[in-house]
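Okay, structure first, notes after.
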Number of protein chains: 4
Amino acid sequence: MATALAPRKAPRQARSRKTRDAILVAAGGILAREGLRGLTTNHVARAAGISIGSLYQYYPNKQAIIGALLTESRAAVLAGMEAAAEAAADAALDVVVCAMVRARLRQLFEQPGLTEALERAEAELPADQGLARQRTQVQAQVVAVLAEYYVDDPETVARDVLALAEGMAHAALRAGEAAFEPLAQRVERAVTGYLAGVVPEA
Amino acid sequence: MATALAPRKAPRQARSRKTRDAILVAAGGILAREGLRGLTTNHVARAAGISIGSLYQYYPNKQAIIGALLTESRAAVLAGMEAAAEAAADAALDVVVCAMVRARLRQLFEQPGLTEALERAEAELPADQGLARQRTQVQAQVVAVLAEYYVDDPETVARDVLALAEGMAHAALRAGEAAFEPLAQRVERAVTGYLAGVVPEA
Amino acid sequence: MATALAPRKAPRQARSRKTRDAILVAAGGILAREGLRGLTTNHVARAAGISIGSLYQYYPNKQAIIGALLTESRAAVLAGMEAAAEAAADAALDVVVCAMVRARLRQLFEQPGLTEALERAEAELPADQGLARQRTQVQAQVVAVLAEYYVDDPETVARDVLALAEGMAHAALRAGEAAFEPLAQRVERAVTGYLAGVVPEA
Amino acid sequence: MATALAPRKAPRQARSRKTRDAILVAAGGILAREGLRGLTTNHVARAAGISIGSLYQYYPNKQAIIGALLTESRAAVLAGMEAAAEAAADAALDVVVCAMVRARLRQLFEQPGLTEALERAEAELPADQGLARQRTQVQAQVVAVLAEYYVDDPETVARDVLALAEGMAHAALRAGEAAFEPLAQRVERAVTGYLAGVVPEA
DNA sequence: GATGAATGAGAGTTCATTCAT
DNA sequence: CATGAATGAACTCTCATTCAT
C-alpha cells in the first residue's frame with residue numbers, strides 16, 4: 001500500500017545506467033537550484049534530455065527519484081565518514097569525531113544546496129521506512145565511535161554533534177561562504193567545546 | 001512579477017485584526033502539522049472558519065500568509081532575545097550570548113514543528129527582500145552584543161552560534177526530545193566552547 | 001483506503017443542483033454514445049459546459065460520476081418496479097412479475113445504450129460495496145414478490161427473469177429495434193414460459 | 001483512420017503460430033481476470049513471454065488482439081452449434097434450438113469471465129465490419145434452423161433466444177453458479193416457453 | 001526476426017485565485 | 001464586506017506504439 005520508493009529496473013546495460021544517472025543528476029541540480037517546487041517530473045525529464053515516459057521507466061514515481069537522491073547522498077556520507085574514522089583510528093575522541101564531521105562537511109560543500117534541499121524535501125515526503133533507516137545510519141556511525149570511548153548517551157551526543165555541524169554549514173553556505181577550511185575549523189571548535197563536557201576522564 | 005508579500009489592508013478594526021490572526025493561527029497549525037504540502041489556501045480558510053474569498057481580502061496570496069507567519073515568528077524571537085540581552089547586560093560575553101540563544105531555543109520549543117516548517121517553507125518561496133532583512137535582524141542583534149565585546153568578525157560568529165543552536169534544537173525536537181533544559185545546557189556547552197576561541201583576552 | 005464514490009457536496013442551492021445534474025446528463029450521454037473509452041473527465045466537463053475544476057467540486061473522481069449515474073439509474077428502476085408491483089397487486093404471479101419486468105424494460109428503452117454502457121462500466125470499476133448493494137436491491141424487489149407466492153429458490157428465479165429480460169432488451173436495442181411493445185410481449189412470453197415450471201400448484 | 005484488425009502475418013511457420021497463440025492465451029487470461037483495464041500491450045507481452053516488439057510483429061495493434069480473441073471465440077461457438085444442430089437434426093424445433101443454445105452455454109461456462117469480458121471489450125472498441133459479420137453468423141446459424149421450420153421472423157427469434165440464454169448465463173456466472181446442468185435446464189424452460197408462442201402448428 | 005528503451009499524447013486530478021451574487 | 005462556485009494552468013503518471021540495436 002505504501003508507495004514503492006525503489007527504482008524500477010536494474011540498470012544492466014551501460015546505456016540504461018547512464019540514463020538512470022542522468023535523471024538523478026538533473027533532479028539533483030533542479031532541487032538544489034529551484035527547490036522542491038521546481039522539481040516537476042517533466043522538468044526533470046527535459047533537463048535529463050529524455051522523455052517523460054523514459055523517466056517513468058526508471059523510477060515509478062517522483063518520490064522514488066527523491067528517495068534515490070537521498071540514498072545516494074547518504075551512501076556518500078557514510079562512505080566518507082567511515083574512511084575518515086578509519087584514518088583517524090586510535091586518536092583521541094575529539095580528533096576522530098572531528099574527522100568524521102569534516103567528512104560530512106565536505107559533502108555539504110561539494111553539493112552546496114543539494115543536501116539541504118534534499119532534507120527539506122524528505123520532510124515533505126510521506127514517511128518511508130527505508131529512508132528513516134538510512135537517516136539513522138549516519139548517526140549510528142558516530143554512535144559506534146562514541147561507544148568505543150565510553151561516552152555516555154552516545155545517541156544524543158552523536159545527534160548533537162552532527163546537527164550543530166550541519167546547522168553551521170547550511171548557514172555558512174547560504175551566507176555565501178565558499179572556503180571550506182575556515183568553516184571546518186569553526187565547527188571543530190564548537191564540536192571540541194561540546195565534547196569537552198562529555199568525555200569521561202579515562 | 002514580484003508578488004507583494006505585504007498583508008492587504010491595515011487591520012484598523014478589531015474584527016479585522018481577529019480574522020487576520022485567525023488566518024495566521026490556522027495556517028501555522030496546518031504548517032506545523034502537515035507541512036507545506038498540506039498548506040492550501042482552501043484548507044487554511046476552512047480551518048480559520050472563513051470563506052476562501054475572505055482569506056483573499058486579508059492576504060493577497062498564499063506567500064503573503066507565509067510571509068506574515070515568518071514576520072510574526074521573527075518578531076517574537078527578536079523581542080525575546082532583546083529582553084534576554086537586557087536582563088544579562090554587563091555579564092560575561094558567553095553568558096549574554098547564551099541568554100540570547102536560550103531565548104531563541106525557547107521559541108523553537110514553544111512551537112515545535114512550526115518554526116522548522118516555516119523555515120523550510122521560506123526556502124521554497126521565491127526570494128523576498130523583506131524576509132531576508134528580517135532574517136538579518138535576528139543575527140544583527142547578536143552581532144551588536146558581540147561588537148560590544150570587541151569580538152572579531154562578529155557577523156560570522158553570530159551566524160555560527162545561532163545556526164548551531166538551531167541545528168541542535170531541530171534535531172532534538174525531531175528526535176522527540178520534550179524537555180527544554182537538558183538541550184539548552186548542551187547547546188550552551190557547544191556555544192561556550194565555540195566562543196572560547198573567539199573572545200579576545202581583553 | 002477505498003476511493004470514496006460519494007458525491008462531494010450536497011447541492012443546497014438551485015444553481016449547484018443544476019450543475020450537478022448537468023454533469024450527470026453530460027456523462028450519461030457520452031457513456032451511451034461513446035462508451036467508457038470516451039468518458040474522460042475533461043470531455044464530460046466540456047459537454048456539461050463547465051470547467052474541469054468545477055466538475056471536481058461536485059464529484060471527487062471519475063468513478064464517483066459513474067457511481068452517481070448507476071445510483072440514479074437504479075433508483076429509477078426500483079421506483080418503476082415498485083409502482084408496477086403495487087399496481088398489479090393480487091394478480092397472478094406471472095402478471096405481477098411481467099409488470100415489474102416491463103418497468104425494467106421501459107427504462108432500458110428510455111435511455112437506450114446508457115444502461116448497458118453503465119453496466120459495462122461497472123464491471124471495469126473497482127468493487128464497491130454501495131454499488132453492489134444497489135445491484136442487489138433490484139433483484140431483491142422481485143424476490144420479495146416471488147416469496148409471497150411461495151416460489152422456490154426465489155433468488156435464482158428473480159435473477160433469471162431479470163437477466164433474460166435485460167439480455168433480450170440489449171440485443172433488441174443493439175439491433176435497432178425502436179418499438180417497445182413488440183419486444184415487451186416477446187419478453188413476456190419467455191418470462192411466462194419460464195415461470196410456468198416454477199409456480200407451485202397453489 | 002480505420003485501423004486494420006487483421007493479424008499482421010500469416011502464421012506459416014509452426015513457431016509463428018505458437019507465438020501468436022501464446023499472445024492470445026495471455027491476452028484472454030488477462031481479460032478474464034482483470035478486465036479491459038488490465039489488458040495493456042506490455043502486460044500481454046510479458047505474460048506471453050515475449051517482448052513488446054515481438055507482439056507488434058504479430059498484431060498491428062491492441063484492437064487486433066481483441067479482434068482475434070473474438071474471432072477465435074466465435075469460431076468455437078459456431079463449430080459447437082453446428083455440431084449440436086447436426087446431432088439433433090430432424091428433432092422437434094425446440095429440441096434443436098435448445099441443443100444449439102446448450103452449445104453456446106457450454107462455451108460460456110468453459111471460459112467463465114472471458115466471453116463476457118470479450119463482449120464488453122467489443123462494445124468499447126470502434127465498430128468493425130468484420131466483427132459485426134461474425135456476430136451475425138452465430139445468429140444466422142439459428143436463423144437457418146428456424147427457417148427450416150417455417151418460423152416467422154426468424155432473425156428476431158434467433159436474436160431473442162440467444163440473447164436470453166446469454167443474459168441468464170452471464171448473470172448466473174457472475175452470481176457464482178458453477179454447475180452447468182441446472183442453469184441449462186432453466187434456460188431451456190425459458191427458451192421452450194418463448195418458442196411455444198412462435199412455432200407454427202404445421 | 002527479436003528486443004526493450006524510448007516516445008509523447010493524453011488521462012485524472014489539484015489548487016491558487018477570481019468574481020458574480 | 002462575505003461567500004463559495006467557478007476557473008484553468010499545471011502536475012503526476014500511463015500506455016499504445018516505434019525504432020535503433
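All values below come from the heavy atoms of this structure, side chains included, with hydrogens, waters and symmetry mates left out. Letters A, B, ... are given to chains in the order of the sequence lines, protein chains preceding strands, and every chain is numbered from 1.
Between C/Arg37 and B/Gly49, the one whose closest nucleotide on DNA chain F sits nearer the 5' end is B/Gly49.
As rounded to whole Å, 12 Å separates atom P of F/dC11 from atom CG of A/Leu36. The CD atom of D/Glu34 sits 15 Å away from the C1' atom of F/dC15 (whole-angstrom rounding). Rounded to whole Å, atom C1' of F/dT7 lies 13 Å from atom OH of C/Tyr58. At whole-Å resolution of the value, CG in C/Leu55 and C1' in E/dC15 are 15 Å apart. We find that NZ of B/Lys18 is positioned 15 Å from P of F/dC1, with the value rounded to whole Å. Counting to the nearest Å, the P atom of F/dA10 and the CZ atom of A/Arg46 are 11 Å from each other. Rounded to an integer number of Å, the gap from CD of A/Gln63 to P of F/dC11 is 17 Å. When the P atom of F/dT18 is taken as reference, atom OH of D/Tyr59 falls 17 Å away, rounded to whole Å.
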Interface polar pairs with nucleotides 8-12 of chain E, N/O, under 3.5 angstrom:
residue	atom	partner	partner atom	Å
E/dG8	N7	A/Gly53	N	3.3
E/dG12	OP1	C/Lys62	NZ	2.6
E/dG12	OP2	C/Thr41	N	2.8
E/dG12	OP2	C/Thr41	OG1	3.1

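With sequence neighbours excluded, the residues satisfying side-chain hydrogen bond (donor to acceptor under 3.5 Å, both in side chains) with A/Thr71 are A/Gln134. Contacts of B/Ser54 classified as side chain to side chain contact (heavy atoms under 4.5 Å, CB included), with partners at least two apart in sequence or in another chain: B/Ile50, B/Ser51. For C/Glu116, the side chain to side chain contact (heavy atoms under 4.5 Å, CB included) partners two or more places apart in sequence, or in a different chain, are C/Arg120, C/His170, C/Arg174. For C/Asn42, the side chain to side chain contact (heavy atoms under 4.5 Å, CB included) criterion is met by C/Thr40, C/Arg46, C/Ile52, not counting sequence neighbours. With sequence neighbours excluded, the residues that form a salt bridge (Lys or Arg N to Asp or Glu O under 4.0 Å) with C/Glu119 are C/Arg104. Partners of D/Thr41 by side-chain hydrogen bond (donor to acceptor under 3.5 Å, both in side chains), not counting sequence neighbours: none found.
In this structure, of F/dA6, F/dT3, E/dA6, it is F/dT3 that holds the atom nearest to the side chain of B/Ile50.
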Which string of ( ) [ ] | and . matches DNA chain E, if you list each base 5' to 3' and count Watson-Crick or G-U pairs only when both distances are under 3.5 Å? .||||||||||||||||||||

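Within the structure, the salt bridge (charged side-chain N to carboxylate O under 4.0 Å, His left out) test picks out the following pairs touching residues 52-74 of chain D (sequence neighbours left out): D/Arg74-D/Glu122.
For E/dA5, the base has no donor-acceptor partner in the side chain of A/Gln57 [N/O atoms by modelled type, under 3.5 angstrom].
No side-chain donor-acceptor contact under 3.5 Å links A/Glu124 to the backbone of B/Gly35.
Counting only heavy atoms from C-beta outward, the side chains of C/Tyr58 and C/Leu24 never approach each other to under 4.5 Å.
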